[in-house]
Amino acid sequence: MPKGNEWLQSEFVAELKELAFALWDKGWGERNAGNISARLNPQQMDEWGVADMPATQWYDLPKPVPELAGQSMLMTASGAFMRHVRENPERDLGLVRFSADGSQFSPIAGYAGAGRPSSEMITHLLVHAERQDKGQSVIVHTHADWLLLMSHLHDQTSEAFTKTLWRMCSESLMFFPDGIGVVPWMLPGSLEIGEASGELAKTHRLILWAYHGVLAAGDSLDDAFGLIETADKAAMVYCQGRMAGTTLPGITDDQIKMLGKHLGVTPIYSL
């Protein structure tokens with residue numbers, strides 16, 4: 001194996017490739033929709049020889065992210081098709097390093113063929129900055145069908161949206177008692193949507209971009225993916241109820257309180 005390519009053969013990258021394909025297979029990753037990022041831990045940096053990879057060129061970030069200063073990250077490439085990541089990881093994935101003050105980044109591996117990190121990079125970084133002390137190192141953004149549709153049909157306030165998802169199935173409260181934060185439509189890839197997402201990430205692992213898609217922070221690839229699956233199932237139940245001409249009453253407030261006590265979780269919103 002050529003020196004510097006250890007990361008491509010890692011178990012983590014193997015898992016990421018399968019996840020990327022799964023996003024496409026579920027219909028959530030049409031064309032080049034979606035992106036994935038993961039902050040590297042010390043073990044990964046050591047095994048992959050990241051410290052020895054030279055930073056060839058530095059680029060300014062739209063906004064400094066000092067919380068990530070000196071760290072390294074794995075991120076899908078701009079324009080990458082999720083269905084192709086497992087076939088062409090050296091093109092559709094790459095490693096980036098952040099400067100000592102967190103104001104710049106440099107690609108250090110991957111992105112073959114003059115590729116570059118995802119256009120949603122600043123959003124990922126601002127969410128990572130808020131979630132790293134909470135144990136989440138992975139962020140997955142995808143276009144989950146039912147959550148996207150629900151953003152057209154439902155009040156877009158975070159509290160109202162969250163409570164409806166909680167009411168649709170018991171697993172919702174179990175897996176996201178911290179709810180889902182909702183960002184009204186904003187320009188994709190902009191600093192504005194990144195800052196709005198970062199603000200919501202202070203209290204939410206799940207963030208919905210109205211008329212666009214959803215973003216989840218997890219402590220593993222499976223965790224982030226499973227979180228989106230759970231929320232999207234609840235959104236499907238809600239939307240299909242609407243399509244049937246009814247608004248489903250769902251789990252009552254008292255039942256949600258009972259469920260929270262049983263599960264040992266505290267809902268972020270009062271009931």
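Below, each value reflects all heavy atoms present in this structure, side chains not excepted, and no hydrogens, waters or symmetry copies. Residue numbers count from 1 along this sequence.
In terms of hydrophobic clustering, with Ile, Leu, Val, Met, Phe, Trp and Tyr side chains grouped at heavy-atom distances under 4.5 Å, I108 and F98 are assigned to different clusters. Linking Ile, Leu, Val, Met, Phe, Trp and Tyr whenever their side-chain heavy atoms come within less than 4.5 Å leaves I207 and L126 in two separate clusters. Hydrophobic clustering of Ile, Leu, Val, Met, Phe, Trp and Tyr side chains at less than 4.5 Å, counting indirect connections, unites V140 with F176. Under the 4.5 Å side-chain contact rule for hydrophobic residues, M75 and Y59 share a cluster. Transitive grouping of hydrophobic side chains (ILVMFWY, heavy atoms separated by less than 4.5 Å) brings I193 and V127 into a common cluster.
Using a 4.5 Å heavy-atom cutoff, the side chains of K163 and L271 are in contact. Put simply, the side chain of V214 does not reach to within 4.5 Å of the side chain of L148, judged on heavy atoms. Residues L153 and C239 have side chains in contact (heavy-atom distance under 4.5 Å, counting atoms from C-beta outward). You'll find the side chain of I139 reaches within 4.5 Å of the side chain of L215, heavy atoms only. Looking at heavy atoms from C-beta onward, P117 lies in side-chain contact with V96 at the 4.5 angstrom threshold. The closest side-chain heavy-atom distance from P267 to L173 is below 4.5 Å. A heavy-atom distance below 4.5 Å is found between the side chains of H128 and M73. Considering only heavy atoms from C-beta on, V182 stays 4.5 Å or farther from S151 through its side chain.
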(message) Quick one, T252 with Q255, criterion side-chain hydrogen bond (donor to acceptor under 3.5 Å, both in side chains). Give me CA distance, side-chain angles, the key distance, then yes/no.
(response) CA-CA 5 Å; T252 68; Q255 289 169 336; 3.3 Å; yes
(request) Decide side-chain hydrogen bond (donor to acceptor under 3.5 Å, both in side chains) for Q240 and Y238; before the verdict, give the C-alpha distance in whole Å, the side-chain angles of both, and the deciding distance to 0.1 Å. (result) CA-CA 6 Å; Q240 290 194 344; Y238 170 81; over 6 Å; no
(message) For V265 and M174: C-alpha separation, side-chain torsions, deciding distance, then whether side-chain contact (heavy atoms from CB on, under 4.5 Å) applies.
(response) CA-CA 7 Å; V265 299; M174 181 186 302; over 6 Å; no
(message) ring-ring contact (aromatic ring centres under 6.0 Å, His included), that's the test. Do W209 and H141 meet it? Break it down for me.
(response) CA-CA 10 Å; W209 295 340; H141 163 57; 4.4 Å; yes
(request) Step by step, work out the side-chain hydrogen bond (donor to acceptor under 3.5 Å, both in side chains) result for D155 and T157. (result) CA-CA 6 Å; D155 180 340; T157 61; 3.2 Å; yes
(request) Take V237 and C169, measure what side-chain contact (heavy atoms from CB on, under 4.5 Å) needs, and give me the verdict at the end. (result) CA-CA 8 Å; V237 174; C169 51; 5.6 Å; no
(request) Apply side-chain contact (heavy atoms from CB on, under 4.5 Å) to V85 and W24, showing your working. (result) CA-CA 10 Å; V85 171; W24 171 77; over 6 Å; no
(request) Any chance you could lay out the side-chain hydrogen bond (donor to acceptor under 3.5 Å, both in side chains) test for Q132 and Q136, step after step, and finish with the verdict? (result) CA-CA 5 Å; Q132 66 175 340; Q136 289 105 43; over 6 Å; no
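Under the 6.0 Å distance and 45° angle rule, K26 counts as a cation-pi partner of W28.
In the model, N35 has no side-chain atom that pairs as donor or acceptor with a side-chain atom of E120 under 3.5 Å. Residues S118 and H124 have side chains that never bring a donor and an acceptor to within less than 3.5 angstrom of each other.
Between the side chain of S106 and the backbone N or O of R97, no donor-acceptor pair lies under 3.5 Å. Here the side chain of S190 pairs a donor or acceptor atom with the backbone of L187 at under 3.5 angstrom. Without hydrogens or angle criteria, S103 side chain to S99 main chain gives no donor-acceptor distance under 3.5 Å.
The pair R167-D253 meets the salt-bridge criterion, since a charged nitrogen lies less than 4.0 angstrom from a carboxylate oxygen. Salt-bridge formation is not detected for the pair K233/E229: no Lys NZ or Arg NE/NH1/NH2 atom is positioned less than 4.0 Å from an Asp or Glu carboxylate oxygen. Of the charged side-chain nitrogens involved, at least one lies within less than 4.0 Å of a carboxylate oxygen, so that D223 and R205 count as a salt-bridged pair. A salt bridge is defined here as a Lys NZ or Arg NE, NH1 or NH2 lying under 4.0 Å from an Asp or Glu carboxylate O, and K17 with E87 fails to meet this definition.
Nearest heavy-atom pair, S170 versus L259, reported as atom, atom and distance to 0.1 Å: O-CD2, 3.5 Å. Taking every heavy atom of both residues into account, H143 and G34 meet most closely at NE2-N, 4.3 Å. The two residues G179 and H204 come nearest to each other via the heavy atoms C-CD2, 3.6 Å. Closest heavy-atom contact between L227 and A217: CD2-O, 4.1 Å. Between A109 and W7, the shortest heavy-atom contact is CB-NE1, 3.7 Å. Considering every non-hydrogen atom in both T203 and R131, the closest pair reads C-NH1, 4.0 Å.
Each of N32, I36, T142 was evaluated against M82; a single residue qualifies, I36, per the side-chain contact (heavy atoms from CB on, under 4.5 Å) test.
Relative orientation of the Y269 and W166 rings is tilted, given thresholds of 30° and 60° on the angle between their planes.
Atoms CG and CD1, from L208 and I228 in turn, are 10.5 Å apart once rounded to the nearest 0.5 Å. The line from CE of M150 to CG of D232 is 10.5 Å long, rounded to the nearest 0.5 Å. With rounding to the nearest 0.5 Å, the separation of CZ in F105 from OG in S72 is 13.0 Å. Between atom OG of residue S37 and atom CG of residue L125 there is a gap of 7.5 Å, rounded to the nearest 0.5 Å. Between the CD atom in E6 and the CG atom in D52 there is a gap of 9.0 Å [rounded to 0.5 Å].
Crowding of R91 atom CZ: a count of heavy atoms from other residues, nucleotides or ligands under 6.0 Å exceeding 12. For D101, the CG atom sits in a packed shell: over 12 heavy atoms of surrounding residues, nucleotides or ligands are nearer than 6.0 Å.
Looking at residues two or more places apart in sequence or on another chain, you find a side chain to side chain contact (heavy atoms under 4.5 Å, CB included) between Q44 and F12, L40, N41, W48.
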